[in-house]
Amino acid sequence: MDHCLFISDLHLCDSRPHITKVFISFLEKTASNAQALYILGDLFEYWAGDDAIATGIHKPVIDALKMLTKRGIKVFLIPGNRDFLIGEGFVNATDITILPDPSLVLLYDRPVLLSHGDALCTDDIAYQQFRSEVRDNAWKTRFLSQPLANRITYIEQLRAKSEQEKSVKPMQIMDVNQDAVADLLRKYACPPLFIHGHTHRPNRHIHALDGNVCERWVLGDWYEQGSYLKLSANGCHAHALSP
Ligand code: LP5
Ligand code: MN
């Protein structure tokens with residue numbers, strides 16, 4: 001109970017049942033020994049609205065999260081670009097806590113900045129324009145008022161368009177912009193630790209800013225195997241889960 005865990009970019013979906021099993025086992029065996037679990041976005045391949053709560057893999061995942069919170073483990077979620085439509089229905093079913101993006105938390109006497117990370121990809125102009133449109137509350141309400149089947153069809157078309165655009169975008173613009181990272185860190189008084197996901201480029205970066213040193217950890221995705229970051233008073237350590 002002397003540590004917290006961080007994960008992101010699991011992209012859980014019906015077509016990859018194995019990774020859902022790995023995640024449920026991670027919740028039962030690994031996360032149940034932690035003080036808290038922070039999910040930094042893209043838990044699901046996509047979330048079309050809380051009325052899809054009982055479909056496919058959603059139910060077992062929700063049950064496993066509920067089991068964890070019932071045991072007294074705090075579970076926090078910063079929604080990502082694929083599951084930002086998660087709402088009250090999901091929160092009530094799991095007893096998790098939604099955090100804003102970004103969030104500054106104090107863990108083991110250290111300020112820790114948390115984010116999904118997509119907002120930092122500022123060189124990806126087409127994505128940022130799309131992001132500001134769909135994150136608008138009026139847009140979300142209008143979208144959610146459509147029948148679930150129509151929403152899913154729209155999202156499937158969007159995913160195809162996104163995959164096609166990503167295949168021709170330079171790799172560099174799909175990474176975080178260094179100035180955007182520095183600006184964000186300065187806004188939060190240069191915290192010693194910053195953890196985010198989204199880019200699927202797991203790594204540890206050091207930012208020297210105004211005489212401060214900030215360690216930035218990028219979380220890995222769960223495509224091939226599970227991965228998580230463990231934070232204790234001794235610092236951060238990255239771990240892989242056997243496939
Ligand atoms: O997620 P990832 O890492 O693969 O790609 C992101 C950006 N793409 C997206 C789109 C999602 O992947 C698709 C699934 C989201 C479902 C969300 C739930 C409901 C939302 C509302 C549905 C409308 O986020 C990708 C970035 C990449 O990260 C790296 O940062 O490059 O961005 C794109 O590729 C987006 C395009 O550049 C711009 C898209 C314009 C779409 C215009 C509408 C098209 C409608 C098609 C239907 C007719
Ligand atoms: Mn993402």
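Atoms within each ligand, like the ligands themselves, are counted from 1 in listed order.
Distances shorter than 4.0 angstrom do not occur between any heavy atom of Arg151 and any atom of ligand 1. The shortest separation from a heavy atom of Phe44 to ligand 1 is not under 4.0 Å, leaving the residue out of contact. Proximity of Asp118 to ligand 1 is not established, as no heavy-atom distance is less than 4.0 Å. Residue contacts with ligand 1 include His198, since one of its heavy atoms falls under 4.0 Å from the ligand.
Ring-plane geometry between His207 and His205 is classed as tilted, the angle between the planes lying from 30 to 60 degrees on a 0 to 90 degree scale. Between Trp222 and Phe23, the ring-plane angle classifies as perpendicular under the 30° and 60° cut-offs.
The closest non-hydrogen atom to atom 34 (O) of ligand 1, taken over Ser167, Cys121, Ser162, Gly80, comes from Ser162.
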| said: Walk me through whether Arg135 and Asp118 qualify under salt bridge (charged side-chain N to carboxylate O under 4.0 Å, His left out). | reply: CA-CA 12 Å; Arg135 296 296 183 106; Asp118 58 320; 3.7 Å; yes

| Run the salt bridge (charged side-chain N to carboxylate O under 4.0 Å, His left out) check on Arg201 and Asp175 step by step: do they pass? | CA-CA 8 Å; Arg201 302 178 200 198; Asp175 201 353; 3.4 Å; yes

| request: Under the salt bridge (charged side-chain N to carboxylate O under 4.0 Å, His left out) rule, what do Asp183 and Lys187 come out as? Steps first, then yes or no, please. | output: CA-CA 6 Å; Asp183 288 350; Lys187 186 173 171 195; over 6 Å; no

| message | Working note: Leu231 + Leu193, criterion side-chain contact (heavy atoms from CB on, under 4.5 Å); need CA distance, chi angles, decisive distance, verdict. | response | CA-CA 10 Å; Leu231 171 68; Leu193 201 54; 3.7 Å; yes

| query | Passes salt bridge (charged side-chain N to carboxylate O under 4.0 Å, His left out), Arg159 versus Glu163? Steps please. | reply | CA-CA 6 Å; Arg159 284 173 72 208; Glu163 285 309 312; over 6 Å; no

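Close contacts of ligand 1 with Ile155, meaning ligand atoms under 4.0 Å from a residue heavy atom, involve 16 (C), 18 (C), 19 (C), 22 (C). Shown in contact with Gln157 at under 4.0 Å from a heavy atom are these atoms of ligand 1, numbered in order with element: 47 (C), 48 (C). Residue Phe84 has at least one heavy-atom neighbour below 4.0 Å for each of these atoms of ligand 1: 20 (C). For ligand 1, the atoms closer than 4.0 angstrom to any heavy atom of Arg159 are 13 (C), 14 (C). Close contacts between ligand 1 and Trp139 involve ligand atoms 21 (C), 22 (C), 23 (C) [criterion: under 4.0 Å to a heavy atom]. Against a heavy-atom cut-off of under 4.0 Å, Glu163 is close to the following atoms of ligand 1: 4 (O). In summary, the atoms of ligand 1 found under 4.0 Å from a heavy atom of Leu85, numbered by their order in the structure, are 19 (C). Every atom of ligand 1 is numbered from 1 in the order shown, and the set under 4.0 Å from a heavy atom of Tyr46 is 16 (C).
Here the CG-CG distance, from Leu43 to Asp83, works out to 6.0 Å after rounding to the nearest 0.5 Å. Remark: Ile195 CD1 to Ser103 OG distance equals 12.0 Å, nearest 0.5 Å. Taking SG from Cys13 and CZ from Phe44, the interatomic distance works out to 10.5 Å, rounded to the nearest 0.5 Å. Rounding to the nearest 0.5 Å gives a distance of 10.5 Å between OG of Ser232 and CD of Gln35.
When the side chain to side chain donor-acceptor pair (under 3.5 Å) test is applied to Tyr223, the partners found at least two apart in sequence or on another chain are His11. By the salt bridge (charged side-chain N to carboxylate O under 4.0 Å, His left out) test, Arg216 pairs with no residue at all, sequence neighbours left out.
Looking at atom 32 (O) of ligand 1, its nearest protein heavy atom turns out to be Tyr127 CD1, 3.3 Å. Closest to atom 26 (C) of ligand 1, if we only count protein heavy atoms, is Asp124 OD2, 3.4 Å. The closest protein non-hydrogen atom to atom 44 (C) of ligand 1 is Lys161 CD, 3.9 Å. With respect to atom 40 (C) of ligand 1, the closest heavy atom belonging to the protein is Phe130 CD1, 4.1 Å. Of the protein's non-hydrogen atoms, Asn81 ND2, 3.5 Å is the one closest to atom 6 (C) of ligand 1. Looking only at heavy atoms of the protein, atom 22 (C) of ligand 1 is closest to Leu158 CD2, 3.5 Å. Looking from atom 12 (O) of ligand 1 to the surrounding protein, the closest heavy atom is Arg82 NH2, 3.3 Å.
Using a 4.0 Å cut-off between heavy atoms, Lys166 contacts ligand 1 through its side chain alone, with no backbone atom that close.
Through direct or indirect side-chain contacts shorter than 4.5 Å among Ile, Leu, Val, Met, Phe, Trp and Tyr, Leu209 is connected to Leu104, Leu113, Leu120, Val176, Val181, Leu184, Leu185, Tyr188, Phe194.
Ring centroid separation for the pair Phe26 and Tyr228 comes in under the 6.0 Å cut-off. Annotation: Trp47 is not in aromatic contact with Phe84 [ring centroid separation under 6.0 Å not met].
No N or O atom of Tyr154 sits closer than 3.5 Å to an N or O atom of ligand 1. Of the N or O atoms in Lys169, one or more lie within a sub-3.5 Å distance of an N or O in ligand 1. At under 3.5 Å, not a single nitrogen or oxygen of His11, backbone or side chain, sits near a nitrogen or oxygen of ligand 1. Note: an N/O pair closer than 3.5 Å links Glu165 and ligand 1 by distance alone.
The count of protein N, O or S atoms under 2.8 Å from the Mn ion (ligand 2) stands at 4, with waters excluded from the count.
Cluster annotation: Ile62 is connected to Tyr46 through the hydrophobic network of ILVMFWY side chains, with a link wherever side-chain heavy atoms come within less than 4.5 Å. Ile98 and Ile73 fall within the same hydrophobic cluster, where Ile, Leu, Val, Met, Phe, Trp and Tyr residues are linked whenever their side-chain heavy atoms come under 4.5 Å apart, directly or through other members.
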